[in-house]
There are 2 protein chains.
Amino acid sequence: MLELAILGFLSDTPLHGYELRKRITALTGHVKPVAESTLYPAIKRLENAGLLERATQPGSVAAPRHVLTLTEEGGQELRRRLAQPSRRDVTDENRWFTVLAFLKHLRDPEAQAAVLRRRLSFLEEPASFFYDGDRPLRAEELDDPFRRGILTIARATSQAELDWLRSTLDTLEPAAH
Amino acid sequence: MLELAILGFLSDTPLHGYELRKRITALTGHVKPVAESTLYPAIKRLENAGLLERATQPGSVAAPRHVLTLTEEGGQELRRRLAQPSRRDVTDENRWFTVLAFLKHLRDPEAQAAVLRRRLSFLEEPASFFYDGDRPLRAEELDDPFRRGILTIARATSQAELDWLRSTLDTLEPAAH
DNA sequence: CATGGATACATCGGAACCGAGGTATTGTCT
DNA sequence: AGACAATACCTCGGTTCCGATGTATCCATG
C-alpha cells in the first residue's frame, strides 16, 4: 500500500523522501500515519527492485536530498498494481483511496472502469457487522446504540460511494454498455 | 486492535477461538481479514498476560475446543483500552469501529461521551487529501475525477458520522452540557 | 549565541502480521 | 468405503511495521 503510494506520487513527479512523506501523510496519514522508519526502508526496497532511482542533490534548504525518480519498470509496476489490485486493496478503504488517487495513471478508461467495477461489486455484496447465527442483524434489531451507529454510518458511507461509482462509471463506459 | 476485539467479544460471552474468529471476521473481516496465524498468537499473548483463561472442552462437534474466558484483569484492561483509545484507534475507521462495537462495556455514559467527543474533534479538524503547498485543495479544484471522488466520498461519510455523533452525544450528556 | 524547530536521512530491535503448511475429528455426499 | 468439507487448533519463516534514537544542516527567535 505504502509502496503503491510511493510509486504513484513519483509517477506524478520526481520527489525526495521528505516531500514524499508529506504527501503520503496528507493522503492517508491523518488516518494512518506513516513512520519514517517505514518509509525509508520501503524506498530502499523499491530502489533495490529497480523501480526507482535516486540522485543526490546538495540540500537546497538543509541536509542533502535524495531525489527519487521512477524508472520505466517502476511505471510498469505501478500500472500493473493499479490494474490488478488485490482484494484487500479493494475492500480496505485506506488502500482503496490510494488506488483511486493514482488510477488516472492507468490511461485506458476501460481498464479504469474495470477497477471501479470491482469496488462496486464489493460494496454490493450483502455484509453486516453482527450476525445472529447466519442471519445479518439490521440496525433496528440492535439495542446497543453504538453498534447501531456502526451500521448507520456504514450504510450512509457505502450509499454515498455507490452513487459516485455509478455516475463515474457512466462517464467512463461507452454508451454501448 | 485485534486484541481489543478479542477482549471485547469475550466480555460479551466466553467463546472458543474458532467462533471468536468468525465474529471478528464479521466485524472487521470483510474489510481487513484476520488470519488464523494472527489470531492464535494474539490469544496466547493475552493468555500469557493473564487477561484470559482457557478451559479445554471435549469437542462438541469436532476437535476439542479451548473455551476462552475473560479474567477480572482482562475486563479491567478492556475498559482501560476503551476509555483511553490511542490516536490511531480514533482516526482509523477500522479501529474506531472496533472501539464503538464494545463501547457499551464502558458503563459510565460520561466516559462513553468523552470517547465520542475525541472522534468528533478529529472529524472536525480541517483535513484534506491533497494540498497545494499548505492550502488544502477542494474537490472542485481537482481535474482528476478519481481524486475528486475521494474528496466527495470522504465528505459524505464524515458528514453522516458527524450527524450520528452529535445526536448520540445529546442522548448521553446531561442537559446541563 | 544559544535554543529550538524545521529539513533531511538513516538504523536498530522488537512486535505484529500473514501465507503456507500441518494435525485431528466429525458429518455428509456419493 | 472413500472423498470432501467443515470444525478446531497450531507452528514456522519471512516480511512489514514502528517507536526510539541518532546524525547533520539551516534558520528564526529571544
Side-chain angles (χ1 to χ4, degrees), chain A residues 1-7 9 14-25 28-29 31-49 52-68 81 86-89 91-92 94-95 98 133-134, chain B residues 1-7 9 14-25 28-29 31-49 52-68 81 86-89 91-92 94-95 98 133-134:
Chain A
M1 191 40 17
L2 179 56
E3 294 185 359
L4 183 61
I6 295 172
L7 295 175
F9 276 124
L15 292 170
H16 57 278
Y18 201 77
E19 175 62 27
L20 194 47
R21 183 174 181 238
K22 283 204 281 187
R23 299 207 185 186
I24 294 174
T25 297
T28 59
V31 165
K32 184 176 156 59
V34 181
E36 293 197 349
S37 50
T38 306
L39 177 62
Y40 286 112
I43 290 173
K44 200 169 284 183
R45 280 201 300 279
L46 296 175
E47 190 190 9
N48 289 341
L52 58 84
E53 277 166 351
R54 77 172 72 196
T56 305
Q57 262 190 357
S60 65
V61 183
R65 293 169 165 181
H66 294 183
V67 175
L68 309 169
R81 293 190 191 204
S86 70
R87 171 153 176 98
R88 278 194 59 189
D89 290 339
T91 63
D92 188 326
N94 295 329
R95 287 169 173 258
T98 308
D134 277 342
Chain B
M1 192 37 19
L2 179 55
E3 294 185 0
L4 182 62
I6 296 172
L7 296 175
F9 276 122
L15 293 169
H16 57 276
Y18 202 76
E19 174 63 26
L20 194 48
R21 182 172 182 239
K22 283 204 280 187
R23 300 206 185 187
I24 293 173
T25 297
T28 59
V31 165
K32 184 176 155 60
V34 181
E36 291 197 349
S37 50
T38 306
L39 176 63
Y40 286 111
I43 289 173
K44 201 168 285 184
R45 278 202 301 278
L46 296 174
E47 191 190 10
N48 289 340
L52 57 85
E53 276 166 352
R54 76 173 71 196
T56 305
Q57 260 191 357
S60 65
V61 183
R65 295 169 162 181
H66 293 182
V67 176
L68 309 169
R81 292 190 192 205
S86 70
R87 173 157 175 96
R88 279 194 57 188
D89 290 338
T91 63
D92 188 327
N94 296 329
R95 288 168 173 257
T98 307
D134 278 342

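Excluded from the calculations below are hydrogen atoms, water molecules and symmetry mates; all remaining heavy atoms, backbone and side chain alike, are included.
- Residues satisfying the side chain to side chain donor-acceptor pair (under 3.5 Å) criterion with A:Asn94, sequence neighbours excluded, are absent altogether.
- For B:Arg21 and C:dC17, the CZ to P distance is 14 Å, given to the nearest whole Å.
- The nearest whole Å value for the distance from the CD1 atom in B:Ile43 to the P atom in C:dA16 is 14 Å.
- Phosphate contact (OP1/OP2 of C:dC9, side-chain N/O of A:Tyr40, threshold under 4.0 Å): present.
- Remark: B:His66 pairs with B:Arg54 by the side chain to side chain donor-acceptor pair (under 3.5 Å) rule, at least two apart or across chains.
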*Summarise how protein sits on nucleotides 16-23 of chain D as a single string, 5' to 3': B when a protein heavy atom is under 4.0 Å from the base, S for sugar-phosphate-only contact, - for no contact.*
SSBBB---
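- Remark on the helix from C:dC1-D:dG30 to C:dT30-D:dA1: inter-end axis angle 30°, axes from five-pair C1' superpositions, rounded to 10°.
- Note on B:Arg95 versus B:Asp89: salt bridge recorded, some NZ/NE/NH1/NH2 to OD/OE distance being below 4.0 Å.
- For the OP1/OP2 pair of D:dC10 and a distance below 4.0 Å, the side-chain nitrogens and oxygens of B:His66 include at least one atom meeting the criterion.
- At C:dA8, one or more side-chain N or O atoms of A:His16 fall inside 4.0 Å of OP1 or OP2 (strictly under the cut-off).
- Residues passing the side chain to side chain donor-acceptor pair (under 3.5 Å) test with A:Glu53: none are found, sequence neighbours excluded.
- For A:Arg81, the side chain to side chain donor-acceptor pair (under 3.5 Å) partners at least two apart in sequence or on another chain are A:Glu3, A:Glu77.
- Between the P atom of C:dA10 and the NZ atom of A:Lys44 lies a distance of 6 Å, rounded to the nearest Å.
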